[in-house]
Every structure is written in structure tokens, then in C-alpha cells.
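Each chain gets a letter, A, B and so on, in the order its sequence line appears, and its residues count up from 1.
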There are 2 protein chains.
Amino acid sequence: MSRVTIADVASAAGVSKTAVSFAFNNPERLGHATLERVLGVAQDLGYTPHPAARALSMRRSGTIGILIPQRLSTVFANPFLSELIQGLGELCEEHDLTLLLVPPLNGSLEGAIRQASVDGFISLGLSPDDSALGVLDRIGIPTVLVDSEDSPSHPTVNVDDGGGARAAAAHLIGLGHRQLAILVLPPARSQVHSTPTAERRLAGYRAAIAEAGVPAPHSVIAGISVAAGASAFASLPKGKRRPTGVLAMSDMAAIGVVTAAQASGLRVPDDLSVVGFDDVPASAWTNPPLTTVRQPIVEKGRLAARLLIQRMKGKPVASPAPLKTSLVIRGSTAPATNLDLRIKRR
Amino acid sequence: MSRVTIADVASAAGVSKTAVSFAFNNPERLGHATLERVLGVAQDLGYTPHPAARALSMRRSGTIGILIPQRLSTVFANPFLSELIQGLGELCEEHDLTLLLVPPLNGSLEGAIRQASVDGFISLGLSPDDSALGVLDRIGIPTVLVDSEDSPSHPTVNVDDGGGARAAAAHLIGLGHRQLAILVLPPARSQVHSTPTAERRLAGYRAAIAEAGVPAPHSVIAGISVAAGASAFASLPKGKRRPTGVLAMSDMAAIGVVTAAQASGLRVPDDLSVVGFDDVPASAWTNPPLTTVRQPIVEKGRLAARLLIQRMKGKPVASPAPLKTSLVIRGSTAPATNLDLRIKRR
DNA sequence: CCGATTTACTAAAACGGTTTAGGCGATCGT
DNA sequence: ACGATCGCCTAAACCGTTTTAGTAAATCGG
């Protein structure tokens, strides 16, 4: 009925619990004959060490956690996390680690953290002074911050969000667009600030626009989903003040804008230029293919995992320089052809 | 330096370990004054119960595992798993559970299973007689099978793969296509069989084709990634025996075929019709939008999680009927216009 | 042939919680 | 005034491993 324990194996094989433990973890400390016998008995009984007991005793669970600040159903609607996990996964498999997804439970990320039996955490998009990270510090779990801000207490993996955003805005401006719209992310869970990443992107957009002396952009709030992008498009000004270029903060939102615009009769990019952010794989297949800011997501995952594993081994690690972003120009952006521009051209 | 334990809190508050435990798990068993004091001390010391110790003692870890038969980097390249996790995630958050990803470690799924401290498993695409499931049974961990075959020992969640596949094939045949190609999945980890799902889809394609009396299709092996679909297209016959319609086993592979075909100068759907499987969200945005067999992936995840949670509570559960699939016709399929057909028409 | 190693194994102490079975005053009913 | 009940708290057992410290027998060098 009940689970077979190490004691069962020990008594069945006529040895001590220690011997059984050695058979699995320290075989060279046992005589050949007993080793064989113990292993055989264990096999027959179908013995498997209890993972929690093992974790308690060894102070290591063989798992690393991904701290996710939003609900799984919203965050997995964006391919970003899939890509990141591909990178994390490579390193995890290399080091025999499994990956635990830790979203807020009952809205509390801290509660979820306590419940999670992990050897280290990858934190996604949390500000370094988030209270959830305070909990981690107190417990003393090694942590690597991804998409955060430089922190004295944890290594941080970032990309050059600001530079990418500037390049995107400059691209649109260079194409002659003067009436721009920015899709701003809704406030994050901290309820007062947005995520550090979103802040940097927004700042990049604004800086490039200000430097070019272009009119201030129209801002509209949108989440990172396709649906959010679509409804953001709906709330954009129409007619004379209609933006001719929109800067999104994710590819998903950009795709939402594109499809909503097309459904409303606008042509992309002829009537409306749209640029995304991230360069998830799907961006290359959309109609038209999306112009977007590329960030190396898989590489980011690999790097974060590598750093975390170092830290878990006790080695100190420094935050690497932000990874490069680059503008990839596809089919969703084109020269502005709005009235103002046409008049000037003549 | 070391972690603060329940004993530390107990002695600091001048009570027994039991009292501290009660303060958190059984507050009504403590007097008001002591309760406050213990909670206060715990807060000051930054006490957090050790998850592994808790799991060992309570025989429950608050985690369910997803048994993934392939490497994370390959399986997350397909949005299918993202969708499924969205469904699983809803129920998990509702029941305060976290989600552990369990891929093979050193190629061994069984080893990974042993390491994982979970209260239940969702198995993806494993045949009911897979040896990994044998390990689970021996340990006695509740398990729900997704994309498998009916099993006497575990509840199973499936969709009507066969029916969907038949509809897809019938659709192409109805459009006049006579030279078809099927993208078969490569053999699964069991090395001898494919996954049950792939078998059912293949059988569905074959049955519809045979019933229609259409020439046997050309089969070519392809994984579930875009790249695999693209290289599968490359190995298709050219010229006179060129297929005019291809049936893929996933949307990703279908998208790969479409892009490769377009790159080679063919027009989709005019020169080549392609139908996918799954209806992941991206299928709606591709160029052209993909005709595909829809399966309710998120719903499938929700259902699987619901069943597993029931089983974890000890309630017996029966396998539900397969979920419905449906053909959604978009822009990647059109009437055949190959030479044979044009001749007949005149 | 005798003390010093080495080999092969074990008893018991962690690891850090929860839970069972009571203990001990204070209050209750009568 | 006295046994029963109740409210509050605790000692000790338990969950299932790993690991430390050590023992008895076998092997060694000289």
C-alpha cells in the first residue's frame, strides 16, 4: 500500500540503511557482492528515493524556479517566455535540473516563492526592490534577475532595450512619419511602476522622438497580447490626427495592431507603419512580415541559466553587459504617405 | 548565516515548535496573545518554512509535473505546449499549485521522474505502456495521460485526431487535389513507434485518401518545427509528380512548407495547398492564413488539470470522451489547378 | 607474530517541518 | 466542593533520506 522506503530495502537485503544509500550514491564504498545484492533487491521492490526527503537531507532539490510576475495564461500568450525557456532548458538539461514555473498564487508571488522547493531562481521583469526579491534574500536562495535593473545584490541579464527602441523610433522618423503612437504597457504588479524593461523602451522611443523634434507621440495603453494590440488600435485617433506610425512594446501587440488596422480597411504598411519588439519567430511569417527590434531571447535564457548555475555552485558572478539589440526591417514599415508629406513633396 | 528554522522561532518566542507550526497552519488552536507574538517573532526573524521539510512531512509538495518526452528546446519551439500550459495554469493557480517541467535528463525520462518532487503528473504524448509510466505506477503518483491511448490504469485526455485528419484530407480531395503528400512525424523516443497522436492522424489521412480512391500519397518525414517543414518541402518530388496538396501534422511544419514553397517561387494556395494541424494562434496571421485542423488546446489543458486534481484528492475519475476537432478553412488551400485537372475541365 | 592500516559495514544524528497524544490549570454544571 | 469539560500548550514521534563517526575483521609491513 504505502511507498517502499530505504528501510524496506535495507531489511530485505539484510543490510543497514546506510549500505543502501551507499549503493546508490557511493557504490565504491561497498563490497562487490553486497552492492549487487542491494541493487537487485531495490530493483525488485521498485524502490525510488523520496525526492523531498532527499532534498531535505542534501539541501538541494535539483530544480530551478522561474519567477513569473503574471498569470501563466497571460504570460504564455506571448512567445517570449517560450523562447526564454528554450535557452534556460538547454543549460538545465546539461546540469540535470528541472524547471519550476512559479507564478503568483492568490495574487501573491511571495507565497508562491515559499512553497517552491528550488535551488535557485530566475526572476523575470521584477524591479530589484520588489518585495518578492526581499523574501528570496532572506531565505538566501541564489537569484539571477532578467529584464530588471542593475542590482548590487544579484547578477542581472539585460538587453539594450533603450538602444533598440531608439533605433525603432528613428527608423519611423527617417521614413517621414511625424504622427506617431506608442503602445505603452499597463502598470505592472507593483501597481505604481511599469517593468524596468518597459520603462527603458519607452524612454528610448521618447528620446529619439524628442531629438528629432517631431511632435509628441500619442500614447495608448496596451498589454502584450494580440487582443490588447487590436483594442489599442481601436482607441487611436482617427481622421486628420491619425498616427501613421506606431511603436509597440511587443510583437504580439504589434500584430494585433496590424490585424485590426487591416480589418478596418487600412493597408499596412502603405497607410500605417507598425514596428514590434522582441522578434519572436512568428514575426517573420505574418502578413506583412513585421519590422521589429530583435533581442536574442534564447541566448538571454542560456546566459541567465549559466550565471545562476555558477551562483548555485557558490562562485561569485558579475552582471554581464547588456546584450545587443538590432532593428530588423521587414514589411510592416514604409515611407509615410500622409497628406502633410505629400504636400511638402510637391 | 544559516537558514532560520522553526526551532529558532520557537525559542525566540519562548514556545514550543508545535506552537509555531500551529500559528501558521492551525491558528485557532492558539490563544490570541501567543498567536500574535509568535507571528511577530517569525516576521522579525524572516522565518519561512523549508519547502522540502514541509513536503516530506505533509506528503504533498504543492506541485504538479508535466512529463515532456523531448528536449525543452525542441518542444517549446511549437506553441502547442504554451497553449496547453495556459490551460493547465488556470487550474493550478486556482488550486495553489506550481508547475514543474520534467524533460528527459541525460536522455532518461525515468531518472527525471525520480528527481521530481510532485503530487501528480500530466504525461504528454507517452504511450500507456511506456516504461516511464511504469515508474510512476510503482511510486503511486496520480497521473493523467494527454495525447495518448486509452489506458485501464490512468484517465486519458484526447481529441478526435482521426476525425480531424480525415476532414483535412477530404477537404483537399474535395478541392480536386489528387497528388498529395503527408508530412509524417519522425519516430518518437520509444524509437519504434510514433506517438499515439501522430499514428491516429496518419491513419485518418490514409483512410480518407483510400476511401476516395485517390492515388497513395507521398510520405516524407518531418519534425514539428518550421525548419523541419521547410526541409521536408525540399525533399518533395518536383516536376510532373509534384504534389499539389500537403497534409502536415502540425501548424509549424505547415508554415515551414509554405515559406519554403514561396521561397522556391510557388504560390500558396494557387500552386500548392497546405493544411496544418492544431490551430495555434499564429496560424491566423500567417501569409496566407493557414487552413488547419483546430483542436481546443487550452481546454484540453484545463480538462487534464481538472482530472488530475480530482485524482490527487483520491476521487476516481473516468476518461472523458475525446474533444472535438474541426477543420478551419483559411487561405492556404484552394482548388487544384494542376495540368491533369485543367485537361479534364476542357 | 604484533601493532598499524585498510576494508566493509553500521548506529545514530542530522535535515526541518507536522501531528499525535497528552498535561495542566481554569471554568463549568450540579 | 468536586468531577467533567474546555482552552492552551508541549514532548515526542514521525516523514525518508544522507552523512558522520566509529567498529570489527581482514590485511599489511617489518
Just by distance, no angles: are the side chains of [X] and [Y] close enough, under 3.5 Å, to form a donor-acceptor pair?
X: A:Thr195; Y: A:Thr197; answer: no
X: A:Ser127; Y: A:Glu149; answer: no
X: A:Ser123; Y: A:Thr143; answer: no
X: B:Asn158; Y: B:Thr156; answer: no

Starting from [atom2] on [N], measure out to [atom1] on [X] and report it in whole angstrom.
X: A:Asn26; N: C:dT7; atom1: CG; atom2: C1'; answer: 14 Å
X: A:Leu30; N: C:dT7; atom1: CG; atom2: P; answer: 14 Å
X: B:Asn25; N: C:dG16; atom1: CG; atom2: P; answer: 17 Å
X: B:Leu45; N: C:dG17; atom1: CG; atom2: P; answer: 12 Å

Kindly point out which of [options] is positioned nearest to the side chain of [X]?
X: B:Thr5; options: C:dA12, C:dG16, C:dT20; value: C:dG16
X: A:Lys17; options: C:dT10, C:dT20, C:dA13; value: C:dA13
X: B:Phe22; options: C:dT10, C:dT20, C:dG17; value: C:dT20
X: B:Arg29; options: C:dT20, C:dT18, C:dC15; value: C:dT20

Select base, sugar-phosphate, or nothing to describe what [X] touches, counting heavy atoms under 4.0 Å on all strands.
X: A:Leu56; value: base
X: B:Val20; value: nothing
X: A:Ser117; value: nothing

C:dG16 OP1/OP2 closer than 4.0 Å to side-chain N/O of B:Arg54: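 No, no such contact exists.
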
Residue-phosphate contact under 4.0 Å: B:Tyr47 side-chain N/O, C:dG17 OP1/OP2: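 Yes, because at least one side-chain N or O of B:Tyr47 sits under 4.0 Å from OP1 or OP2 of C:dG17.
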
Classify the ring geometry between A:Phe24 and A:Tyr47 as parallel (under 30°), tilted (30 to 60°) or perpendicular (over 60°). tilted

Please identify the 5'-most and 3'-most nucleotides of DNA chain D with any atom under 4.0 angstrom from a heavy atom of chain B.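 Both ends considered, the range comes out as D:dC8 to D:dG16.
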
Between the base of C:dT19 and the side chain of B:Thr18, is there a donor and acceptor pair under 3.5 angstrom?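 Answer yes: a donor N or O sits under 3.5 Å from an acceptor.
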
Side-chain touch B:Leu72/A:Glu90, heavy atoms, less than 4.5 angstrom: no

Looking at A:Asp8 and A:Arg3, is there a salt bridge between them, counting it only when a charged N and a carboxylate O are closer than 4.0 Å?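 No.
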
Of B:Met58 and B:Val15, the one whose closest DNA chain D nucleotide lies more 5':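 In this pair, the answer is B:Val15.
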
Both B:Gly31 and A:Phe24 contact DNA chain D. Which one's nearest nucleotide lies toward the 5' end?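 Looking at the nearest nucleotide for each, B:Gly31 comes out on the 5' side.
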
